[in-house]
**Q** 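Would you mind keeping the following structure in view while I ask a few things?
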Amino acid sequence: MARRYWLLKSEPTAFSFADLAQAPDQTTHWDGVRNFQARNLLRDELKRGDRVFFYHSNCTPTAIVGIAEVVREGYPDFTAWDPDDKHYDPKSDPDNPTWYMVDIRCVRPLRRRLSLDELRATPGLEEMVLLRKGSRLSVQPVTAAEWQRILAREKQPGG
DNA sequence: GCCAACGTTGGC
DNA sequence: GCCAACGTTGGC
């Protein structure tokens with residue numbers, strides 16, 4: 001199967017791209033997703049070798065800041081069973097896990113961050129999930145065309 | 001901090 | 001199954 005592309009949102013105060021770059025083996029497990037649509041993508045769709053835009057949300061400015069790679073496919077999010085974890089879910093049964101995660105590894109930071117405003121102003125991204133009104137998904141598909149547009153935008157000066 | 005949009009819960 | 005209430009997300 002051809003490599004696919006995704007966008008993962010994270011609040012940088014919780015886990016930033018710099019945190020990923022500094023993590024052991026520059027790798028982390030993407031835990032804490034508690035939304036079924038995003039869960040389905042993590043469990044079923046993200047494959048080894050797929051590329052990921054790392055997006056910072058709830059900050060100024062919100063922006064795509066880096067690229068990562070899926071290095072381990074969906075497996076149970078064990079933080080759901082930890083009563084001390086912020087995302088503890090007592091309804092998740094270890095024999096039939098509700099929540100899944102993947103592992104991602106840092107590939108590189110973008111040469112410059114691409115803010116939401118700049119993405120909105122970029123031709124070819126009109127249908128991007130991130131830019132749709134009311135879109136809140138924290139794990140989103142990105143088309144190959146969108147991926148290429150964004151990488152081309154990165155190479156342009158400005159922003 | 002505000003609030004629109006969305007997802008989940010639970011009473012009926 | 002409907003839908004109001006509630007909680008969360010996330011841009012601003």
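Residue numbers start from 1 in every chain, and the chains themselves are labelled A, B, ... in the order their sequence lines are given, proteins ahead of strands.
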**Q** Output yes when A/Arg108 and A/Glu154 qualify as a salt bridge under the 4.0 Å nitrogen-oxygen rule, no when they do not.
**A** yes
**Q** When the ring planes of A/Trp147 and A/Phe53 are compared, do they come out parallel, tilted or perpendicular, using 30° and 60° as the limits?
**A**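 Parallel: the ring planes of A/Trp147 and A/Phe53 meet at under 30°.
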**Q** Between which nucleotides of DNA chain B, 5' to 3', does chain A make heavy-atom contacts below 4.0 Å?
**A** B/dA5 to B/dT9
**Q** Closest-nucleotide mapping onto DNA chain B: is A/Asn58 or A/Arg136 further toward the 5' terminus? I mean the 5' end.
**A**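 Nearer the 5' end of the strand: A/Asn58.
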**Q** Would you say A/Tyr75 and A/Asp103 are linked by a side-chain donor-acceptor pair, where the criterion is simply a distance under 3.5 Å?
**A** yes
**Q** Using a 4.0 Å heavy-atom cut-off, does A/Arg120 contact any base of the nucleic acid, only the sugar-phosphate backbone, or nothing at all?
**A**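 Sugar-phosphate: the residue A/Arg120, judged by heavy atoms under 4.0 Å, touches backbone atoms but no base.
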**Q** Measure from the ring center of A/Trp99 to the ring center of A/Phe78 and say whether it is less than 6.0 Å.
**A** no
**Q** Taking 4.0 angstrom as the limit, do A/Arg34 and A/Asp77 come out as a salt bridge?
**A** yes
